[in-house]
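Please read the structure below before turning to the comments.
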Amino acid sequence: MPLRFYNTLTQQVQPFVPVEPNVVRMYTCGPTVYDYAHIGNFRTFVFYDLLRRVLRLNGLKLDHVMNITDVDDKIIRNAVAQGKSLADYTNLYTQAFLDDCATLRLERPERLARATEHIPEMATAIRKLEESGHTYRSDGSVYFRISTFPGYGKLSHNDFEGMVAGARVDVDSYDKTDARDFALWKAPKPGEPSWDTEIGSGRPGWHIECSVMAIEFLGATLDIHAGGVDLIFPHHENEIAQAEALTGKPFANYWLHSEFLLVDGQKMSKSLGNFYTLRDLCGELGHAPEAIRYLLASAPYRKSLNFTMDSLRSAATAIDRLRNFKLRLESAKFDDGRNTKIVDAGEEAVRTFYHALNDDLNTAEALAAIFEFVRETNIAMDEGQFFSGNREGALNVLRDFDSFFDVLKPTAPAGGLPDAEIDRLVAERTAAKKARDFARSDRIRAELLEQGVILEDTKDGVRWKRK
RNA sequence: GGCGCGGUAGCCAAGUGGUAAGGCCAGGGUCUGCAAAACCCUUAUUCGUCGGUUCGAUUCCGACCCGCGCCUCCA
């Protein structure tokens, strides 16, 4: 199946065709680095990662830009409150964000763009918008006049016609002339950071940052612009207005939006206080990053996903099942031969897997295909119908799975026994067991368990894994 | 009020105009010195409610009920 996505702009699932064959110019809205990101935020960042992977699976080369908003009201407020410079304050959370992304195995975009490093370009864009009559000034701030952009509302499918027609344009007013008008440039305030630019002193509004950096790096028309659904209005709507007023060209061909992570049926958010950071979950609560990644990836991105500790444990168990399967494939002894039914099942699973991913990233269906294969193959192994010639093919199914989901490799524990030491203890226990010294063998088993190592006695011998 | 999303088993969650994927939990079993682990099996006559179209609807249409989100910053 050719790759296809649901496009918020057209409200339809459409085949994905980049402007330039084989290359995808993509812009995704990144974090505002005023605090640690919570896992609701990371649902969207995981979505970007999956999006990148599915595009590459389709042979497309990526040119992906993600912004880091390192200047905004909250950042300024917090930095001032802590007596820190803007840079000191934002560097801390930028690094934390990047570390968290690495923990969740998120691929790095080709480019990360920090807003404060592109202020002159923003000023130039605003000047051009002023020259073409899309703006007005008020108290040193510059506002975008949405009545000058007829397409306003086309992304969020809001009809602002009546409002715009009825708006009285009062050039001399110091207020916004229309409730929907938004700030491109904010006047400097005492005690707050500001930049001297060709349009005067001040700092950029949030929306202009994305439009300008996207155009700067990727050109007037993007293939994909993505973000969370809460950004559709007003952020992305405003981005379109600015960018298209500036270039006269469509800003993005495909708009992709991920749904929220919910807690007890409500949006996870800082303001509601119902959030967990990655550090909360992986630190004191002891959850594995892979489980979080799996959970966030397991439901299709356009469906809101209810987060519970149960679902997180459930994700961890599901990963265990896959790891056990892999371990069994690698360690069990099989008779010579090859079962073509298993070969066919593997091919079918992989086919269904990719088919589902190409269908607007249907990760739930993709997972189902893999688990079905796992069950079929386990049964074959139980019945002695799985042979050495099947091993490689079955492992390849898992490799395909993991090149996308990326959860099979356990995150290395800090400290812990080295492999060689574990092997030694296992051998010691096996010897004790053979001598029917069960007290001793049980003691070694318990010791290893305490160190987070689980032993499994199988008919082909003992194997171990880390918890 | 406008716009958008959703209501499928105990929980999470796919899906199709032809009779309900998958994961977790639970129960049962295989294996085992005992365990643990692992593996297997079982678990929705039913898809928010009521109408309509149809040979047939969970799937299409209409109405209604409920939940959530955006409309101010927000992934």
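Atom set for the values below is all heavy atoms of this structure, side chains included, hydrogens, waters and symmetry mates excluded. Per chain, numbering begins at 1; letters A, B, ... match sequence-line order.
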Side chains of [X] and [Y] in contact at under 4.5 Å (non-hydrogen atoms):
X	Y	result
A/Thr28	A/Thr44	no
A/Arg108	A/Leu98	yes
A/Thr277	A/Phe42	no

Pairwise [atom1] distance for [N] and [M], with rounding to whole Å:
N	M	atom1	answer
B/rC47	B/rC60	P	15 Å
B/rA36	B/rU30	P	14 Å
B/rC41	B/rC25	C1'	16 Å
B/rC50	B/rA26	C1'	35 Å
B/rC24	B/rA13	P	16 Å
B/rC66	B/rC55	P	35 Å
B/rG33	B/rA21	P	39 Å
B/rU46	B/rC40	P	29 Å

Answer with base, sugar-phosphate or nothing: what part of the nucleic acid does [X] contact at a heavy-atom distance below 4.0 Å?
X	value
A/Ser269	nothing
A/Arg313	nothing
A/Leu261	base
A/Ser311	nothing
A/His38	base
A/Met268	base
A/Phe438	base
A/Pro31	nothing
A/Gly40	base
A/Ser258	nothing
A/Leu327	nothing
A/Thr308	nothing
A/Ile379	sugar-phosphate
A/Lys465	sugar-phosphate

Where the side chain of [X] is concerned, which of [options] is the nearest nucleotide?
X	options	value
A/Tyr6	B/rA35, B/rG15, B/rC5	B/rC5
A/Arg328	B/rC39, B/rA21, B/rC12	B/rC39
A/Asn362	B/rG23, B/rG4, B/rG15	B/rG15
A/Glu365	B/rG15, B/rC39, B/rA13	B/rG15
A/Gln11	B/rG4, B/rA75, B/rC68	B/rG4
A/Lys303	B/rA14, B/rA37, B/rC73	B/rA14
A/Phe371	B/rG69, B/rC12, B/rG23	B/rG23
A/Arg321	B/rC68, B/rC40, B/rC5	B/rC40

Output yes when [X] and [Y] qualify as a salt bridge under the 4.0 Å nitrogen-oxygen rule, no when they do not.
X	Y	result
A/Lys326	A/Asp402	no
A/Glu447	A/Arg429	no
A/Asp49	A/Arg52	no
A/Arg351	A/Asp344	no

Does the structure show a Watson-Crick or G-U wobble partner for [N], both distances under 3.5 Å? Name it, or say none.
N	answer
B/rG6	B/rC66
B/rA38	B/rU30
B/rG22	B/rC12
B/rU54	none
B/rA44	none

Decide salt bridge (Lys or Arg N to Asp or Glu O under 4.0 Å) for A/Arg424 and A/Glu428; before the verdict, give the C-alpha distance in whole Å, the side-chain angles of both, and the deciding distance to 0.1 Å. CA-CA 6 Å; A/Arg424 195 186 63 73; A/Glu428 205 176 309; 3.0 Å; yes
A/Lys267 vs A/Asp230, test: salt bridge (Lys or Arg N to Asp or Glu O under 4.0 Å). Steps then yes/no. CA-CA 10 Å; A/Lys267 175 182 174 177; A/Asp230 51 349; 3.6 Å; yes
Could a donor-acceptor pair under 3.5 angstrom be found where the side chain of [X] meets the base of [N]?
X	N	value
A/Asp457	B/rA36	no
A/Arg445	B/rA35	yes
A/Asp442	B/rG33	yes

For A/Lys459 and for A/Ala315, locate the closest nucleotide of RNA chain B by heavy-atom distance; then report the residue assigned to the nucleotide nearer the 5' terminus. A/Ala315
Upstream residue (5' side of RNA chain B) when A/Ile454 and A/Arg436 are each assigned their closest nucleotide: A/Arg436
Would A/Phe260 count as stacked on B/rG69 if the rule is ring centres under 5.5 Å and plane angle under 30°? no
Rounded to whole Å, how long is the line connecting atom [atom1] of [X] with atom [atom2] of [N]?
X	N	atom1	atom2	result
A/His236	B/rC73	NE2	C1'	14 Å
A/Phe182	B/rU72	CZ	P	13 Å
A/Arg443	B/rA35	CZ	P	20 Å
A/Leu262	B/rG7	CG	P	12 Å
A/Asp320	B/rG22	CG	P	20 Å
A/Asn158	B/rG1	CG	C1'	12 Å
A/Phe405	B/rG23	CZ	C1'	12 Å
A/Ile76	B/rC73	CD1	C1'	13 Å

The test is side-chain hydrogen bond (donor to acceptor under 3.5 Å, both in side chains); show your working for A/Asn78 and A/Tyr89 and say whether it passes. CA-CA 8 Å; A/Asn78 292 5; A/Tyr89 183 81; 3.0 Å; yes
